[in-house]
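What follows is one structure encoded as structure tokens, with my remarks underneath.
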Amino acid sequence: MPELPEVETIRRGLDGWVIGRRITDVEVRHPRAVRRHHAGPADFRARLLGTTITGTRRRGKFLWLPLDSGDALLCHLGMSGQLLIEPPDKPDGPHLRIRLVFDQAEHQLRFVDQRTFGEMLVSPDGAELPGEIAHIAPDIYDPAFDLAEFSRRLRARRGEVKRALLDQSLISGVGNIYADEALWRARLHGNHPSQELSDAVARELVEHIREVFDAALNAGGTSFDALYVNTNGESGYFDRSLAVYGRAEEPCRRCGTPVERIKFTNRSSFHCPSCQIVPG
DNA sequence: AAAAGCCCCTGCTTGC
DNA sequence: TGCAAGCAGGGGCTTT
């Protein structure tokens with residue numbers, strides 16, 4: 001899915017457009033898109049009608065729009081979700097899941113999602129922090145992110161460091177791409193046991209995450225194809241800067257050794273076998 | 001309690 | 001050509 005930089009790019013795109021707008025119609029085109037709104041699509045619609053969006057917020061890969069009702073419209077893009085600001089006369093694509101219509105607006109907001117892993121729900125009293133995502137750890141840009149606490153919890157874990165980075169309850173916003181990129185920058189192998197990391201290395205790892213996120217944000221996010229776009233439907237360009245992800249057999253940008261691809265929990269991991277060594 | 005596996009989807013690519 | 005398997009950047013739930 002979009003990882004933190006892509007979701008943040010989308011949040012910024014929404015921020016300049018949705019704030020202050022009043023919702024006048026809601027159309028749920030696919031029930032799966034609101035599957036975690038347990039009261040169902042009709043209730044989802046009813047709770048949104050007539051409310052005004054007061055802001056745009058994000059934690060990790062979750063995005064929410066606080067409403068003047070005190071509730072929040074919570075959204076996760078899953079693997080292929082898009083939030084598009086489009087004119088009403090633009091034809092609906094086959095993957096349109098939810099449409100939001102606003103008072104006196106020349107555009108509407110469309111939630112488009114090919115693979116339907118994404119979702120929206122209305123979180124009661126969720127404006128400040130939706131209860132549905134209270135278990136997600138703060139991401140590195142959140143003032144609540146506690147570096148010492150992250151280091152302590154990371155090093156208390158059994159298991160491998162890459163799996164830890166992907167655990168959203170430990171640190172949020174990192175997915176498969178940026179985990180590989182940050183580990184490469186840190187010269188750590190993803191299979192490195194978390195428990196063997198020093199406090200200094202754990203803190204450095206966060207700095208590498210920050211650097212790769214900052215770089216991706218400056219490029220407008222990563223996109224391999226037309227699935228990953230901002231609210232204008234445009235792709236980011238950070239894929240041109242990826243050091244290891246998707247670069248199997250290509251030379252490591254540091255030492256020239258061919259990048260290796262390995263299986264990791266039914267996914268792919270990429271690393272440099274020279275720069276990133278597992279101890280022991 | 002924490003960690004690992006399974007599952008949910010669609011569409012594109014690859015290999016027989 | 002046709003079909004099956006593999007693959008894709010997710011998280012929640014169940015099991016161990």
Side-chain angles (χ1 to χ4, degrees), chain A residues 1-10 29-38 58-63 74-83 93-97 111-121 130-137 139 152-184 190-191 193-195 209 212-213 216-217 219-230 235-248 261-270:
Chain A
M1 109 158 184
E3 302 180 32
L4 186 151
E6 291 74 42
V7 178
E8 174 61 14
T9 298
I10 289 162
R29 301 286 296 261
H30 196 306
R32 196 173 140 75
V34 292
R35 63 190 176 282
R36 281 220 291 159
H37 189 94
H38 297 121
R58 183 189 54 71
R59 170 174 280 198
K61 306 169 194 173
F62 284 88
L63 182 64
L74 178 64
C75 182
H76 193 290
L77 300 172
M79 297 277 268
S80 57
Q82 306 173 334
L83 287 170
H95 306 305
L96 174 65
R97 306 306 181 196
F111 178 54
V112 173
D113 185 17
Q114 179 189 98
R115 293 178 64 189
T116 73
F117 284 4
E119 59 174 332
M120 279 186 168
L121 61 85
E132 292 80 359
I133 61 167
H135 64 292
I136 299 293
D139 60 66
R152 187 189 65 74
R153 289 185 60 202
L154 174 68
R155 295 182 300 121
R157 287 173 69 107
R158 287 191 302 277
E160 301 162 346
V161 63
K162 176 162 178 181
R163 184 174 266 279
L165 290 183
L166 296 179
D167 183 344
Q168 304 297 299
S169 67
L170 177 66
I171 182 171
S172 67
V174 181
N176 202 34
I177 291 183
Y178 294 108
D180 281 1
E181 292 298 307
L183 288 166
W184 178 81
N191 294 347
S194 301
Q195 283 185 318
I209 292 169
V212 74
F213 276 179
L217 279 167
T222 299
S223 184
F224 295 145
D225 57 46
L227 276 187
Y228 305 98
V229 296
N230 65 19
S235 293
Y237 290 99
F238 189 70
D239 56 310
R240 296 174 190 182
S241 307
L242 292 175
V244 281
Y245 192 87
R247 295 190 64 244
R261 171 186 168 177
I262 58 176
K263 281 272 200 176
F264 170 80
T265 59
N266 274 337
R267 266 180 212 148
S268 295
S269 273
F270 299 87

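Heavy atoms only: backbone and side chains are in, while hydrogens, waters and symmetry mates are out. Numbered from 1 within each chain, the chains take letters A, B, ... in sequence-line order.
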Between the protein and nucleotides 3-7 of chain C, list every N/O to N/O distance that falls short of 3.5 Å.
unit_1, atom_1, unit_2, atom_2, d
dC7(C), OP2, Lys263(A), NZ, 2.8

Glu6(A) CD to dA8(C) C1', in whole Å, measures 14 Å
Distance-only donor-acceptor test, Arg267(A) side-chain atoms vs dG10(C) base atoms, 3.5 Å: yes
| query | Do the side chains of Leu77(A) and Gln82(A) get nearer than 4.5 Å, heavy atoms only? | reply | no
Checklist entry - Would you say dG11(C) has OP1 or OP2 under 4.0 Å from some side-chain N or O of His135(A)? => result no
Do Arg58(A) and Asp139(A) pass the salt bridge (charged side-chain N to carboxylate O under 4.0 Å, His left out) test, and can you show the C-alpha distance, the side-chain angles, and the key distance before you say yes or no? CA-CA 9 Å; Arg58(A) 183 189 54 71; Asp139(A) 60 66; 2.9 Å; yes
Rounded to whole Å, CD of Glu132(A) lies from P of dG11(C) at a distance of 16 Å
Taking dA5(C) as the reference, what is the distance to dC7(B) when you measure between their P atoms (whole Å, please)? 16 Å
For Asp180(A), the salt bridge (charged side-chain N to carboxylate O under 4.0 Å, His left out) test, sequence neighbours excluded, returns Lys162(A)
In whole angstroms, the gap separating P of dG11(C) from CD1 of Ile171(A) amounts to 13 Å
Protein-nucleic acid N or O pairs under 3.5 Å, nucleotides 9-12 of chain B:
unit_1, atom_1, unit_2, atom_2, d
dC9(B), O2, Arg115(A), O, 3.4
dC9(B), O2, Arg115(A), NE, 3.4

Sorted by chain and number, sequence neighbours left out, salt bridge (charged side-chain N to carboxylate O under 4.0 Å, His left out) with Arg97(A) holds for none
To the nearest angstrom, the CG-P distance between Asp113(A) and dA8(C) comes to 18 Å
Between the CZ atom in Arg36(A) and the CG atom in Leu74(A), the distance rounded to the nearest 0.5 Å is 7.0 Å
Within the structure provided, determine whether Met120(A) and His37(A) are in side-chain contact (heavy-atom separation under 4.5 Å). no
Okay, side chain of Glu181(A), backbone of Leu242(A): is any donor-acceptor separation there less than 3.5 Å? no
Original post:
Are any of the side-chain heavy atoms of Phe264(A) and Arg163(A) separated by less than 4.5 Å?
Top reply: yes
Between Ser269(A) and the options Leu183(A), Ile262(A), Val244(A), the side chain to side chain contact (heavy atoms under 4.5 Å, CB included) test singles out Ile262(A)
* State whether the side chain of Lys61(A) and the backbone N or O of Pro5(A) hold a donor-acceptor pair below 3.5 Å, judged by distance alone. => no
Arg36(A) atom CZ is separated from dG11(C) atom C1', nearest whole Å, by 8 Å
#### Entry: Any donor-acceptor pair under 3.5 Å from Gln168(A) side chain to Leu166(A) backbone
yes
_Under 3.5 Å: donor-acceptor pair, side chain of Asp113(A), backbone of Glu119(A)_ = no
Taken to the nearest whole Å, CD/Gln82(A) to P/dG10(C) is 16 Å
Exercise for review: Could you measure between the two P atoms, the one in dG11(C) and the one in dC12(B), and give it in whole Å?
Suggested key: 24 Å
Separation of dC7(B) atom P from Glu119(A) atom CD, nearest Å, is 20 Å
Taken to the nearest whole Å, CG/Leu77(A) to C1'/dG11(C) is 13 Å
A correct dot-bracket answer for DNA chain B, with pairs being Watson-Crick or G-U at under 3.5 Å, [ ] for crossing pairs and | for inter-strand pairs, is .|||||||.|||||||
Cation-pi between Arg59(A) and Phe62(A): NZ/CZ under 6.0 Å from ring centre and within 45° of the ring axis? no
Between the protein and nucleotides 1-4 of chain B, list the N/O to N/O atom pairs that are separated by less than 3.5 angstrom.
unit_1, atom_1, unit_2, atom_2, d
dA3(B), OP1, Arg158(A), N, 2.9
dA3(B), OP1, Arg158(A), O, 3.3
dA4(B), OP2, Arg163(A), NE, 3.1

- prompt: Between Glu3(A) (side chain) and Ile177(A) (backbone), is there a donor-acceptor pair under 3.5 Å?
  reply: yes
